[in-house]
Amino acid sequence: MFGKELIRGIYTENPVFRLLFGLCPALAVTTAADTGLGMGLATTTVLLGSNLVVSLLKNVIPPAVRIPSFIVIIATFVTLVGMTMEAFFYPMFEALGIFIPLIVVNCLILGRAEAFASKNTLGRSLVDAIVMGIGFTISLGLLGAVREILGSGSILGFQLVPGTVDMALVFALPPGAFISLGLMLAALNYIAIRRKEA
Amino acid sequence: MSEYGLFMIFFAAAFFNNFVLIQFLGICPFLGVSKRVESSLGMGMAVLFVMTLASLITWMLHEFLLFPLGLDYLRTITFILVIASLVQFVELFVQKASPTLYKALGIFLPLITTNCAVMGLAIMNVTEGLNIIQTLVHALGAAAGFTLVLVMLAGLREHLEIHDVPKPLAGVPVALLAAGILALAFSGFVL
């Protein structure tokens, strides 16, 4: 049961590669694998909190004001996560910068609150938050790893290629983000098309 | 940024620190509404409207309410509420005042709430310590940069449609590659 849900979060309904949700942080903070993973975990925490509260309050919130209510709930958890990171993980807080408060406008979180947590039980909403969060974290980590390897020849700060070799610095810069994500999406489409033909 | 001249603030937000291509703010509408030049212009105008108003209101809220009372930690919640209600208000106002403009902007207005360029701009204005004139110029520059790249990408995508794009690349992937090349050009302002 959980395994099936996990495959849904990581592959069939992957938030970044399949649903194209949360592309701003996915492109902006993935200059290296560690910032990508950090952003993924921060977003997962917010998603878990918001799905929890939204699912508990789903019968109390009047339908007409549900979107503003969801936004306030999400913003509360974003503030909590931001403060916790500032206190205990300061280097990561600095590296992610403006994209921490911007978790509040990540369409993934509002999307899951609206489409899933407001219609499902607490248990299912929590599972949904965990698998979607894992899918998001893996995507950001993967994109970050590709850009870090191509851009600076290292992975999680561990040098793979001797420092004397010139790497394609462009992949660590903004243009490389668009190009790597575009090529990764194309590769996924290629696999899907091949599979359909076979 | 607060020590820059006004021209420099505008130029930075519109070109060499372009909100979309360099700072990655507002990617969702950038990919979502860049299929037609006409609709991308409409989106750009709506964003210009909301960005200017949102910047001024959030700046004043921060300056006269949150900061003096030591309520900085409420910034995220206040700003997103201001932007969400502003978008609703603008929608109602435009609907009454100019039905033609409302028709032209259509579905783009409600989408602006989750456009992180607006929220990012509001946060940047206060964290960079800009004064109210600089805030206004920053908002105009950000909106100009947003509209510029949106229209450029829409033009490219209109051309791509009549060309034979390999199947796996069709749609979003090729738009991302085009955006990457555009970003390369915009990086040229710094080098």
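Below, chain A is the first sequence line, B the second, and so on; all start at residue 1. Computed from a predicted structure; not experimentally measured.
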Determine the option with the most heavy-atom pairs under 4.5 angstrom with chain B, choosing from Gly176(A), Ala177(A), Pro175(A). Pro175(A)
Under 4.5 Å from any heavy atom of chain A, what part of Ile83(B) do you find: side chain, backbone, both or neither? neither
Which region of Phe30(B), side chain (C-beta onward) or backbone (N, CA, C, O), has a non-hydrogen atom less than 4.5 Å from a non-hydrogen atom of chain A, or is it both or neither? side chain
Are any of the side-chain nitrogens in Lys35(B) or Glu158(B) under 4.0 Å away from the carboxylate oxygens of its partner? no
Within 45° of the axis and under 6.0 Å from the centre of the six-membered ring of Phe116(A), does NZ or CZ of Arg124(A) qualify? no
When the 4.5 angstrom heavy-atom criterion is applied to Phe99(A) and chain B, the contacting part is side chain
Could you look at Leu110(A) and say if it's the side chain, the backbone, both or neither that has a heavy atom under 4.5 Å from chain B? side chain
Against chain A, label Val20(B) side chain, backbone, both or neither, depending on which of its atoms sit under 4.5 Å from a heavy atom there. backbone
Atom CZ of Phe67(B): over 12 foreign heavy atoms under 6.0 Å: no
Single-linkage hydrophobic cluster, 4.5 Å side-chain cutoff, Leu41(A) and Met83(A) together: no
Would you please classify the geometry between the Phe7(B) ring and the Phe11(B) ring as parallel, tilted or perpendicular, with 30° and 60° separating the classes? parallel
If you tally heavy-atom pairs under 4.5 Å against chain B, which of Gly22(A), Pro25(A), Gly182(A) wins? Gly182(A)
Go through Gly82(A), Ala26(A), Ala186(A) and name the one with the most non-hydrogen pairs under 4.5 angstrom from chain B. Ala186(A)
Using non-hydrogen atoms only, which part of Gln23(B) is less than 4.5 Å away from chain A: side chain, backbone, both, or neither? backbone
Contact part of Val170(A) toward chain B, heavy-atom cut-off under 4.5 Å: side chain, backbone, both or neither? side chain
In terms of hydrophobic clusters joined by side-chain contacts under 4.5 Å, are Val65(A) and Val53(A) together? no
Need one label for Leu184(B): side chain, backbone, both or neither, based on atoms under 4.5 Å from any heavy atom in chain A. both
If you tally heavy-atom pairs under 4.5 Å between each of Leu183(A), Ile179(A), Asn106(A), Ile67(A) and chain B, the highest tally belongs to Ile179(A)
Hey, quick one: are Leu65(B) and Met60(B) part of the same hydrophobic cluster, counting side-chain heavy atoms closer than 4.5 Å, chains of contacts allowed? yes
Met184(A) portion near chain B, given a 4.5 angstrom heavy-atom threshold: neither
Side chain / backbone / both / neither for Leu27(A) at chain B, heavy atoms under 4.5 Å: both
Given a strict heavy-atom distance threshold of 4.5 Å, which part of Ser180(A) is in contact with chain B: side chain, backbone, both, or neither? neither
Check the hydrophobic clustering (I, L, V, M, F, W, Y; side-chain heavy atoms under 4.5 Å; chains of links allowed) and say if Leu52(A) and Phe2(A) are grouped together. yes
Intermediate values then yes/no, side chain to side chain donor-acceptor pair (under 3.5 Å), Thr44(A) and Thr137(A): CA-CA 8 Å; Thr44(A) 306; Thr137(A) 310; 3.2 Å; yes
Between Lys96(B) and Glu91(B), does a salt bridge (charged side-chain N to carboxylate O under 4.0 Å, His left out) hold up when you go through it step by step? CA-CA 9 Å; Lys96(B) 281 269 181 230; Glu91(B) 203 181 341; over 6 Å; no
